[in-house]
Amino acid sequence: MLSLCRILISKIMERKVRVRFAPSPTGPLHMGGVRTALFNYLFAKKHGGDFLLRIEDTDQNRFVPGAEEYIIESLKWCGLVPDEGVGFGGELGPYRQSERKPMYKKYADLLIENGFAYYAFDTAEELDEFRKEAEAKKEVFSYDLHTRNNLKNSLTLSSEEVQARLASGEHYVIRFKMPENRDIVEEDLIRGRVSFNTNQLDDKVLFKSDGMPTYHLANVVDDHLMNITHVIRGEEWLPSMPLHILLYESLGISETRPRFSHLPLILKPEGKGKLSKRDGDKMGFPVFPLLWKDSVTGESYRGYREDGYFPEAFVNMLALLGWNSGTEQEFFSMDELIESFDLSRVVKSGARFDPEKAKWFNRHYLQQKSAAELAGLFLPILTEKGITAEQQQLEHIVGMIKERCEFVKDIWTQAHFFFQAPESYDEKTMKSKWKPDTAEKLQAISELLETVTEWKAEAIKETFSAFMTAKEWGFGAVMVPIRLALVGGSSGPDLFEICELIGKTETIGRIKKACDTIQL
RNA sequence: GGCGCGUUCUUCUAACGGUUAGGAAACCGGUUUCUCAAUCCGGAGAUGGCAGUUCGAUUCUGCUACGCGCUACCA
C-alpha cells in the first residue's frame with residue numbers, strides 16, 4: 001500500500017504542472033477572479049508549467065456578449081498571458097466548452113453504464129413543487145438517496161419505460177448517484193485535510209436536458225483531457241469537491257486526477273459578505289480590472305486600468321490579498337512573485353479588501369518610475385487640455401512634483417500652475433495670510449525681482465533673502481502670499497523653483513495680478 | 001435548516017508549543033519646510049469564549065459563539 005502510494009506520488013510529480021483558469025463568460029471578470037488567475041499563473045510559472053484559459057460557457061442562458069474578450073484583455077493587461085486557451089492556441093482544444101459539447105455525452109453514458117449515474121425525467125416544475133412543499137414544512141427538498149427512489153428516474157422506472165421515454169424524445173437529465181455513507185477525505189493544498197460524508201450530498205445533475213453538461217461534469221472531463229495537475233479555485237467550490245473526486249473515481253481516471261486547492265474569498269471593505277460589483281460604486285473604488293459597459297443595461301463599471309492604476313501595482317496588491325511570502329517584503333515584481341509563490345503560504349481565511357492599500361501600492365510604483373516615463377504618460381492629459389510643453393521642461397516639472405502623486409492624473413493637480421496662471425485664490429489662505437500691508441510688500445518684491453538678471457532658483461533666492469533680511473520682514477508673511485499669487489493655493493514645491501520655471505515675466509505678472517485682485 | 005470552511009491590532013498579515021505576539025496600511029504625535037504632500041522618527045492598537053492536553057499554548061483537541069460559503073437542469 002505504502003509503495004503504491006509512492007508510485008502514485010512520483011507519477012504525479014513527474015507530470016508537467018498544468019493549471020487552468022476557467023471563468024464563465026457571464027460578465028466582466030471580478031478582481032477576485034483575477035486573483036484566482038494570478039495564483040494559477042504564479043503556481044504554473046513557479047513549477048515551469050502551463051497556464052491555460054478555458055471558457056466555461058455551458059450555460060447558454062447566461063452568456064454575455066463581450067465577456068470573453070473582456071476576460072482575455074484583462075489577463076493581458078495584468079501580464080497573465082496563458083500558454084494555451086481561447087485566443088492563445090494549444091494542442092488540446094477547443095478551449096471553449098460549448099465547442100466541446102459532443103465530447104461530454106460519452107462520459108455521462110459511461111457513468112450510466114457502470115451504475116454511477118441515472119436518467120431522471122422529473123421536470124423543473126415538478127422539482128420546484130417539491131421544493132415549495134418542503135419549504136412549507138420548514139424542510140429542504142434534496143434529490144438524494146432518501147428521495148431518489150420516489151422520483152421519476154431510471155432507478156424507479158422499468159427499463160422498458162426508460163427506453164420508451166428516451167426514444168420518444170422526452171426531456172431528461174443525467175444525475176450522479178451519490179454513493180451511500182462514504183467519507184471523502186482530501187488533502188487540500190491550502191487548507192489541509194478536508195472531509196465530507198456522502199450521506200449529506202445530493203444527486204447533482206451532470207448532464208442537462210439541453211444536451212450540455214453542467215459545470216461538474218465538464219470541469220472534470222476537461223481537466224482530465226487537458227492534463228490538468230492542479231485545480232486552484234475559489235472557496236465557493238469547496239462543497240463540490242467530493243462530487244468531483246467521486247466523478248474522477250467513477251470514470252476510472254483517479255490516478256491522474258488533479259490535486260485541489262481552494263482560495264479564500266475576497267470580502268467587502270466594510271460590512272458583510274464577499275466583494276460584489278455594487279461595492280465599488282458605493283465606496284468609490286473599482287471592482288473590475290477594466291472598465292465594463294453592460295450592453296444590456298447600459299450601466300458601466302469602473303476599472304483599475306481606467307482609474308489610473310498600474311498593472312504591476314494591481315497585481316502586487318492582489319498577490320498580497322491572501323498570500324504572503326513569509327518575509328517582510330511587500331513589493332514584488334511578477335518575476336519575484338513567481339520565485340516566492342507557494343500555495344502553502346496562502347491564507348485560509350477570507351481577506352477584506354482595502355482600497356487604501358491599493359492606492360498605496362500605486363503610489364509606490366509611480367515613485368519608481370522616472371520623470372521621463374511619467375512625463376510621457378502625462379503628456380496625453382496635457383494635450384487633451386490643449387497645452388503643449390517641451391519634453392525637457394515637462395520632465396523637470398514632473399520630477400519636482402511626482403513624490404506627491406499617487407496616480408498619473410495627480411500630476412495635473414500638482415502641477416497645473418506651471419502651465420496656467422491661477423484663476424482664483426484659496427479662501428482660507430487668503431483670509432489667514434493676506435494682511436493689509438501684504439499688497440504693498442509684494443509690490444516691493446516685484447520691483448526687486450525685476451532687478452534679478454540671472455533667473456535661476458538659487459539666484460532668486462539669494463536676492464530675495466538679502467532683501468528680506470535688510471527689511472527685517474518675516475519670511476512666512478511674504479512667502480505664503482507670493483505662493484498664493486503664483487499657485488492659487490498654499491501647496492506645492494519650492495517657491496523659487498516655481499519662479500524659475502514659469503519665468504520672470506510670468507512671476508511678476510502673477511504677483512501683480514494677485515495684488516490687484518485680492519481685496520480685503 | 002443541513003453540510004463545509006474560517007476566526008491574531010480598524011484592515012492585510014507574521015509567529016507552524018517557549019517572542020516584551022513582529023511587520024505593513026490607516027490613524028495620532030513629532031521632525032522638516034515659505035506652504036501642502038512626501039520623507040524620517042515615535043505612539044496607540046490584537047490572539048472571540050470555555051474546557052482539555054502540556055512544565056509551557058496564538059499554535060494541538062473538544063465544545064460554544066460569531067462570520068462566510070454551498071445547498072439550481074448557474075458557474
Side-chain angles (χ1 to χ4, degrees), chain A residues 22-26 56-59 61-62 97 120 122-124 127-128 131 134-135 138-143 171-175 188 191 194-197 199-202 204-216 218-219 233-242 262 264-265 267 269-270 272-274 317 320-330 344-345 347-361 363 367 401-406 410 414 426 429 433 464 468 474-484 487 489-496:
Chain A
S24 64
T26 53
E56 310 232 329
D57 56 349
T58 52
D59 184 357
N61 302 320
R62 296 214 306 162
Q97 287 182 329
D122 319 85
T123 65
L127 294 176
D128 267 350
R131 286 195 186 96
E135 206 176 322
K138 290 204 166 181
E139 285 167 8
V140 176
F141 172 78
S142 168
Y143 209 121
H171 278 200
Y172 67 91
V173 300
I174 295 174
R175 284 180 183 271
D188 184 290
R191 328 184 85 85
V194 181
S195 69
F196 304 83
N197 184 286
N199 284 359
Q200 312 295 341
L201 275 23
D202 62 345
K204 279 274 178 294
V205 171
L206 301 178
F207 202 83
K208 302 186 272 187
S209 57
D210 65 359
M212 275 291 204
T214 60
Y215 168 81
H216 302 294
N219 106 87
R233 74 227 301 193
E235 189 184 331
E236 66 269 28
W237 294 108
L238 195 52
S240 51
M241 179 170 69
H262 292 90
L265 264 16
L267 277 15
E270 285 165 13
K272 297 174 175 182
K274 62 175 175 179
M317 178 272 293
L320 260 54
L321 210 52
W323 172 83
N324 70 83
S325 68
T327 69
E328 280 178 4
Q329 184 178 350
E330 296 203 83
S344 70
R345 292 209 66 94
V347 171
K348 297 182 185 72
S349 50
R352 210 178 270 271
F353 170 63
D354 179 7
E356 289 303 317
K357 198 96 175 207
K359 287 185 190 165
W360 177 75
F361 273 109
R363 166 183 290 281
Q367 301 309 326
I401 52 89
K402 77 168 201 180
E403 63 196 23
R404 48 190 83 217
C405 295
E406 219 156 42
D410 295 342
Q414 298 297 335
D426 179 64
T429 315
K433 303 286 181 185
F464 181 85
M468 293 292 284
F475 241 68
V478 177
M479 294 285 272
V480 176
I482 298 176
R483 177 175 294 280
L484 188 66
V487 174
S490 68
S491 66
D494 184 84
L495 194 56
F496 301 107

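Residue numbers start from 1 in every chain, and the chains themselves are labelled A, B, ... in the order their sequence lines are given, proteins ahead of strands. What you see below is based on every heavy atom in this structure, not just the backbone, and it leaves out hydrogens, waters and symmetry mates.
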Worksheet item: Rounding to the closest angstrom, what is the interatomic distance between B:C66 and B:U61 at atom P?
Response: 22 Å
Closer than 4.0 Å, any side-chain N/O of A:K274 to the OP1 or OP2 of B:G67?
-> no
**Asked** What integer number of Å spans the C1' atoms of B:U13 and B:U7?
**Response** 14 Å
How would you label the contact of A:G234 with the nucleic acid (heavy atoms, under 4.0 Å): base, sugar-phosphate, or nothing?
nothing
| field | Ion pair check, A:D354 and A:R352, cut-off under 4.0 Å | value | no
Pairing partner of B:G6, by Watson-Crick or G-U wobble and under 3.5 Å for both distances, is B:C66
Report task. Under 4.0 Å between any heavy atoms, over every strand shown, what does A:V347 touch: base, sugar-phosphate, or nothing? Just pick one. Result -> sugar-phosphate
Rounded to whole Å, the CD-C1' distance (A:E270 to B:C68) equals 18 Å
Result for side-chain hydrogen bond (donor to acceptor under 3.5 Å, both in side chains) between A:H262 and one of A:E235, A:R233, A:E236 points to A:R233
A:L267 atom CG is separated from B:U13 atom P, nearest whole Å, by 10 Å
Please give the distance between the P atoms of B:A21 and B:G4 as a whole number of Å.
36 Å
Applying the 3.5 Å cut-off to both distances, the Watson-Crick or G-U partner of B:G52 turns out to be B:C60
In whole angstroms, the gap separating P of B:G6 from CZ of A:R352 amounts to 18 Å
Atom CG of A:L206 and atom C1' of B:C74 are separated, to the nearest Å, by 15 Å
When you measure from the side-chain N and O atoms of A:S24 to the phosphate of B:C74, is any distance below 4.0 Å, counting only OP1 and OP2? no
Here the distance between atom P of B:G2 and atom CD of A:E135, to the nearest Å, is 16 Å
Of A:E56 and A:G322, the one whose closest nucleotide on RNA chain B sits nearer the 5' end is A:G322
The Watson-Crick or G-U wobble partner of B:G1, with both key distances under 3.5 Å, is B:U71
Practice problem: Would you indicate what A:S240 reaches in the nucleic acid, counting non-hydrogen atoms under 4.0 angstrom: base, sugar-phosphate, or nothing? | Solution: nothing
**Prompt:** Between B:C68 and B:U59, how far is it from one C1' atom to the other, in whole Å?
**Reply:** 23 Å
Between B:A25 and B:U39 - P atom distance, rounded Å:
8 Å
At under 4.0 Å between heavy atoms, what does A:V487 touch on the DNA or RNA strands: base, sugar-phosphate, or nothing? nothing
Scanning all shown strands, the Watson-Crick or wobble mate of B:A14 with both distances under 3.5 Å is none
Q.
Let's go through A:K357 and A:E330 carefully: what are the C-alpha distance in whole Å and the side-chain angles of both, what is the deciding distance for side chain to side chain contact (heavy atoms under 4.5 Å, CB included) to 0.1 Å, and is it a yes or a no?
A. CA-CA 11 Å; A:K357 198 96 175 207; A:E330 296 203 83; 4.0 Å; yes
*Presence of donor-acceptor pair under 3.5 Å, side chain of A:R191 and base of B:C5*: no
Review point. Would A:E356 and A:W360 satisfy side chain to side chain contact (heavy atoms under 4.5 Å, CB included), going step by step from the backbone distance to the final call?
Key: CA-CA 6 Å; A:E356 289 303 317; A:W360 177 75; over 6 Å; no
Could you measure between the two P atoms, the one in B:C36 and the one in B:C28, and give it in whole Å? 15 Å
Whole-angstrom distance between B:U47 and B:U58, as gauged at atom P: 11 Å
Out of B:C68, B:A75, B:A14, minimum distance to the side chain of A:N324 belongs to B:A14
A:Q200 CD to B:C3 P, in whole Å, measures 5 Å
query = So A:K433 and A:L484, side chain to side chain contact (heavy atoms under 4.5 Å, CB included) or not? Walk me through it.
reply = CA-CA 9 Å; A:K433 303 286 181 185; A:L484 188 66; over 6 Å; no
task = Quote, to the nearest angstrom, the P distance that separates B:U8 from B:A15.
result = 14 Å
Would you say A:K359 places a side-chain N or O within less than 4.0 Å of OP1 or OP2 belonging to B:U11?
no
Open item on the list: Taking A:K402's backbone N and O only, do any of them form a donor-acceptor pair with A:Q367's side chain (distance below 3.5 Å, no angle check)?
Closed with: yes
Practice item. Could you check A:Q97 against A:M212 for side chain to side chain contact (heavy atoms under 4.5 Å, CB included), going step by step and ending with a plain yes or no? Key: CA-CA 9 Å; A:Q97 287 182 329; A:M212 275 291 204; over 6 Å; no
Re B:G42: Watson-Crick or G-U wobble partner, both distances kept under 3.5 Å, found to be B:C28
Checking B:G4, B:C73, B:U71 against the side chain of A:K204 (C-beta onward), the nearest is B:U71
Side-chain atoms of A:R345 come closest, of B:A14, B:G6, B:C5, to B:A14
Protein-proximity profile, nucleotides 20-43 of chain B, B/S/- by nucleotide at the 4.0 Å heavy-atom cutoff, equals --SSBS--------BBBBS-----
Rounded to whole Å, the CD-C1' distance (A:E236 to B:C5) equals 12 Å
Would you mind classifying the nucleic acid contact of A:S209 as base, sugar-phosphate or nothing, using non-hydrogen atoms under 4.0 angstrom? base
A:R233 side chain N/O closer than 4.0 Å to the phosphate oxygens (OP1, OP2) of B:C70? no
By the Watson-Crick or G-U definition, both distances under 3.5 Å, B:C34 is matched with none
When rounded to whole Å, the CG to P distance for the pair A:L321 and B:C12 reads 8 Å
